[in-house]
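Okay, structure first, notes after.
This one's a predicted model, so the numbers in the text were calculated from it and none came from an experiment. Naming: A, B, ... by sequence-line order, numbering from 1 per chain.
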Amino acid sequence: MSELYIRVAEDENEEPMEIPSEDDGTILLSSVAAQFPGACGLRYRNPESQCMRGVRLVEGVLHAPENDWGNLVYVVNYPKDNKRKMDEIDAASAVKVKRGFQKTSDLIVLGLPWKTSEQDLKDYFTTFGEVIMVQVKRDLKTGNSKGFGFVRFTEYETQTKVIAQRHMIDGRWCDCKLPNSKAGPDEPMRSRKIFVGRCTEDMTTDELRQYFMQYGEVTDVFIPKPFRAFAFVTFADDQVAQALCGEDLIIKGISVHISNAEPKHNNSRQMMDRGRFGAGGFSQGYGKMTACKINIYKHARVS
DNA sequence: GTTGAGCGTT
C-alpha cells in the first residue's frame with residue numbers, strides 16, 4: 001500500500017479533500033490537521049450498519065479500518081465532539097472558543113462619508129445585531145469626521161457577519177475590519193505560547209506537536225538544548241494556549257504541567273513593545289501567573 | 001468650506 005490518498009471532509013455533505021497516506025498505509029493526524037486545523041481524529045459511516053465509526057488513532061497515527069481505507073469519505077473529528085475527562089474541560093472549552101464562541105472586539109469602520117453621524121452608524125449596524133458602541137472619529141478642532149469610526153457588537157456571530165461583507169453606508173462602500181491597533185484593555189495581551197514543564201528527554205518536537213495538535217493549530221515547538229525538562233509550544237490561537245494553562249496533561253504516560261510562557265527578557269525590541277502593557281509584559285489579573293513564574297524560576301531562566 | 005487610504009485625544 002503506497003502513495004494513497006483518502007478523502008476527508010469537514011462534514012458528510014461538504015466537499016472532500018484528498019489527504020496523502022504514509023508508505024505503510026496509515027494517515028498521520030498531522031496530515032489531516034494540516035488541512036483541518038484543530039482536528040483530533042477521523043470517523044466514517046459504516047456502509048453496513050449506517051452508523052458512524054471512529055478511526056483507530058494511536059500516537060498521532062490513524063489506522064485504516066480492516067486495513068483498507070476503501071472509497072469512503074472520512075469526516076474530521078474536533079475535540080468538542082469528544083467526551084472528555086473533567087480535567088480536560090478547559091482544553092475542550094478552548095476549542096469551543098476556537099470554533100466560534102469568542103469575545104467581541106471593536107471593529108474599525110473604514111470609508112465613512114464625511115456626513116455620517118454616530119446615530120447613522122448605529123441605525124445601520126443595528127440591522128445586523130445588537131450594537132454596544134459606535135464612534136465616529138473627528139477632528140477635535142473642526143468636529144469634522146475623519147471618515148472612519150468604530151463599532152462593537154454584543155454577539156460574536158454578528159461581528160463575524162459584519163466583517164465578512166462590504167457595507168453601503170450613506171452612499172459609500174465601507175469596510176469593517178479588526179483593528180491592527182495595539183492591544184487595549186478590552187483585548188489583553190495574551191501569549192500564544194505555553195510552557196510545558198516536566199518534559200522527559202525522550203519527547204521529541206514532533207511528538208509534542210502531534211500531541212498538542214488536538215487542541216488547535218500548532219505553529220511552533222521548541223525544546224531547549226541541552227535538555228532542561230521543559231519545552232515551549234506555540235499555538236495559532238492565543239485562546240487555545242490560555243485555556244491550557246494550569247492543566248496537567250499526560251504525554252507518553254508522563255504528566256506534564258502547562259503554564260504561561262514568560263516573555264523573553266533578552267530582546268530589546270520585545271521589551272520596548274511590551275513596555276506599553278506594563279512591566280510584566282502581560283495585563284494584570286491573570287491568577288495563574290504566580291504558578292507560572294514559580295515553574296519558570298524553578299526550572300530555568302527563559303531564553 | 002478641500003480629502004478617500006488608513007487604525008482609536010479623553
Whole-Å distance between B:dT10 P and A:Arg138 CZ?
-> 17 Å
Quick one: do A:Arg166 and A:Asp175 make a salt bridge, cutoff under 4.0 Å?
-> yes
Within 45° cone and under 6.0 Å: A:Lys193 NZ/CZ vs A:Phe232 ring | yes
Could A:Arg192 and A:Asp237 be called an ion pair, given the rule that one side-chain N must be under 4.0 Å from one carboxylate O?
-> no
side-chain contact (heavy atoms from CB on, under 4.5 Å) partners for A:Ser145, two or more places apart | A:Val136, A:Arg138
A:Lys137 side chain N/O closer than 4.0 Å to the phosphate oxygens (OP1, OP2) of B:dT9?
-> yes
Strictly under 3.5 Å: I want the nitrogen or oxygen pairs between protein and nucleotides 1-5 of chain B, one per line.
unit_1: B:dG4; atom_1: O6; unit_2: A:Trp114; atom_2: NE1; d: 2.9
unit_1: B:dG4; atom_1: N1; unit_2: A:Leu112; atom_2: O; d: 2.5
unit_1: B:dG4; atom_1: N2; unit_2: A:Leu112; atom_2: N; d: 3.3
unit_1: B:dG4; atom_1: N2; unit_2: A:Leu112; atom_2: O; d: 3.1
unit_1: B:dG4; atom_1: N2; unit_2: A:Gly147; atom_2: O; d: 2.8

Neighbour count >12 (heavy atoms, 6.0 Å) for atom CD, A:Glu66 = no
Please confirm whether the backbone N or O of A:Thr204 pairs with a side-chain atom of A:Glu207, one donor and one acceptor, at under 3.5 Å?
-> yes
What is the distance from CD of A:Gln135 to C1' of B:dT9, rounded to the nearest Å?
-> 11 Å
Rounded to whole Å, the CZ-P distance (A:Arg152 to B:dG8) equals 17 Å
